[in-house]
2 protein chains.
Amino acid sequence: MLRLSKLTDYAVVVLTRLDDAAEGGVLTAPVLAGNTGLAEPTVAKVLKILAHAGLVEGRRGALGGYRLTRPLATIPLIEVITAMDGPIALTACVDNSFGVCESESACPVRGRWDPVNEAIRRALTGISIADLAGPPAIVPHPEPAFPIFAAE
Amino acid sequence: MLRLSKLTDYAVVVLTRLDDAAEGGVLTAPVLAGNTGLAEPTVAKVLKILAHAGLVEGRRGALGGYRLTRPLATIPLIEVITAMDGPIALTACVDNSFGVCESESACPVRGRWDPVNEAIRRALTGISIADLAGPPAIVPHPEPAFPIFAAE
DNA sequence: GCAATTAGGACCTTGATGGTCCGGATTGCA
DNA sequence: TGCAATCCGGACCATCAAGGTCCTAATTGC
């Protein structure tokens, strides 16, 4: 299905809700769970991963919570996907690990998936989380030119 | 990981190998299995799905086999992915089926994934199977302009 | 009639994903 | 100083779809 994980979907929702916090304020995992309608342990898991990626910042103790480290408009979608799902890699043969594919010698598309991955990577880089959460009006993207096969 | 299924990967390999057949000739599943290094039942499965999608044509009986219905250059990658994996849909909330998501009322990104799916869809439409199997030299794509957020 | 081949589907196994839970560390407050 | 709230890190298990195999028809050529 070429789908991304639910955790990534949750992450986008949580990030947009986290944006509702007052300036400099923090939101706790239970509060975010309530706001999003997601289960609290799940939200906590998402926040931990996002914190590990540096997208959010956790503060412990009483009056602790999470807050964004950057405005949503400066967070490209691919960064969230990479944080939650790992690097974009449509197939297993994208890395240069030889010897793992038994069809290696006969495979005619070996190494050819890279441009595809790159094309998708660029598409996801050009969309910010703010674009997903923003007002209904679509904001034209500042980088309209999009050559699929750039010079390698 | 944002990966597509192995079957799709196999499909691309099989299609490129199928292109080796002589003009008008056919290749049988066992032969293709030998050429690709994949298991014969797996190749047969892939071919059946591709035949159902109209990308290849099967001929039964003795001297039967499969052949391409179109040149590889005219088959966009997305067509193979759609045939093998189903339609591109990064998240479950892309269709307009209301009432299935318990967080529906609180979800701030509802319906906002469509542009993302569309962006990826375009990226994959601009790449043909021939591009994946072709010579190392990258062929510049005839449709370089790629507005992420087109007017809706 | 027989062999070769595709067509269609059932079946089982395996791995990743989704989701939950627990103990420990940190912080603020009484 | 003790306590409560909260994040942090990881382990754990259930579920589900993907991967892969196999079997039985249907078709075709010799």
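When reading the values below, keep in mind they use all heavy atoms of this one structure, side chains included, and skip hydrogens, waters and symmetry mates. The chains referred to below are lettered A, B, ... by the order of the sequence lines, with proteins before strands, and numbering in each begins at 1.
Across B/A83 and B/I49, no two heavy atoms sit closer than the pair O-CG2, 3.5 Å. Listed here is the closest heavy atom pair of B/L27 and B/V31: CD2-CG1, 4.1 Å. For B/A11 against B/V46, the heavy-atom pair with the smallest separation is CA-CG1, 3.6 Å.
Between the side chain of A/T125 and the backbone N or O of A/R121, at least one donor-acceptor pair lies under 3.5 Å.
Counting to the nearest Å, the C1' atom of D/dT6 and the CG atom of A/L27 are 13 Å from each other. A/M84 has its CE atom 9 Å from the P atom of C/dG18, to the nearest Å. One atom, CG of B/L38, and another, P of D/dG19, lie 13 Å apart when rounded to the nearest Å. Atom CG in A/L47 sits about 15 Å away from atom P in C/dT20, given to the nearest Å. For the pair B/Y10 OH and D/dT21 C1', the computed distance is 13 Å after rounding to whole Å. Atoms CG (A/L50) and C1' (D/dG9) sit 16 Å apart, rounded to a whole Å. Taking atom CG on A/D9 and atom C1' on C/dG18, their separation rounds to 13 Å, with Å as the unit. Counting to the nearest Å, the P atom of C/dT6 and the CG atom of B/L18 are 11 Å from each other.
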Per-nucleotide protein contact along nucleotides 11-17 of chain D, 5' to 3', at a 4.0 Å heavy-atom cut-off (B base, S sugar-phosphate only, - neither), is -------

Letter by letter from the 5' end, nucleotides 21-30 of chain C scores (B base, S sugar-phosphate only, - none; protein heavy atoms under 4.0 Å) ----BBBSS-

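Two residues are said to be in side-chain contact when any heavy atoms from C-beta on lie closer than 4.5 Å; A/L38 and A/L32 fail this criterion. For the pair B/T36 and B/Y10, the minimum side-chain heavy-atom distance is 4.5 Å or more. Annotation: side chain of A/N117 is in contact with side chain of A/D114 (closest heavy-atom distance under 4.5 Å). Residues B/T16 and B/L132 have side chains not in contact (no heavy-atom distance under 4.5 Å, counting atoms from C-beta outward). Within the 4.5 Å cutoff, the side chain of A/L50 has heavy atoms near those of the A/M84 side chain.
The residue among B/T8 and A/T28 whose nearest nucleotide of DNA chain D is located toward the 5' end is A/T28.
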Under 3.5 Å, which N/O atoms of the protein pair with N/O atoms of nucleotides 13-15 of chain C?
none

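The A/L7 side chain lies nearest to C/dG18 when the options are D/dA18, D/dC7, C/dG18.
Note on B/A39: only backbone sugar-phosphate atoms sit closer than 4.0 angstrom, heavy atoms only; bases stay farther off. Residue contacts shown for B/A29 are limited to sugar-phosphate atoms, with no base heavy atom under 4.0 Å away.
Under the 4.5 Å side-chain heavy-atom criterion for Ile, Leu, Val, Met, Phe, Trp and Tyr, A/I129 and A/L7 are members of the same hydrophobic cluster.
Applying the side chain to side chain contact (heavy atoms under 4.5 Å, CB included) rule to B/P30 yields the partners B/T28, B/E40; only residues at least two apart in sequence or on another chain are considered. Checked against side-chain hydrogen bond (donor to acceptor under 3.5 Å, both in side chains), B/T8 has the following partners two or more places apart in sequence or in another chain: B/S5, B/D85.
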Give the table of side-chain donor-acceptor pairs shorter than 3.5 Å for residues 52-80 of chain B, with sequence neighbours excluded, one pair per line with atom names and distance.
{"unit_1": "B/E57", "atom_1": "OE1", "unit_2": "B/R67", "atom_2": "NE", "d": "3.0"}
{"unit_1": "B/E57", "atom_1": "OE1", "unit_2": "B/R67", "atom_2": "NH2", "d": "3.1"}
{"unit_1": "B/T69", "atom_1": "OG1", "unit_2": "B/G54", "atom_2": "O", "d": "2.9"}
{"unit_1": "B/T69", "atom_1": "OG1", "unit_2": "B/L55", "atom_2": "O", "d": "3.0"}
{"unit_1": "B/R70", "atom_1": "NH1", "unit_2": "B/T74", "atom_2": "O", "d": "3.2"}
{"unit_1": "B/R70", "atom_1": "NH2", "unit_2": "B/E79", "atom_2": "OE1", "d": "3.4"}
{"unit_1": "B/R70", "atom_1": "NH2", "unit_2": "B/E79", "atom_2": "OE2", "d": "2.3"}
{"unit_1": "B/T74", "atom_1": "OG1", "unit_2": "B/P71", "atom_2": "O", "d": "2.8"}

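Taken residue by residue, residues 65-72 of chain A places heavy atoms nearer than 4.0 Å to DNA chain D at A/G65, A/Y66.
Contact annotation: A/S5 reaches the phosphate of C/dG18 (side-chain N/O to OP1 or OP2, under 4.0 Å).
Remark: A/D20 engages A/R17 in a salt bridge, criterion side-chain N to carboxylate O under 4.0 Å.
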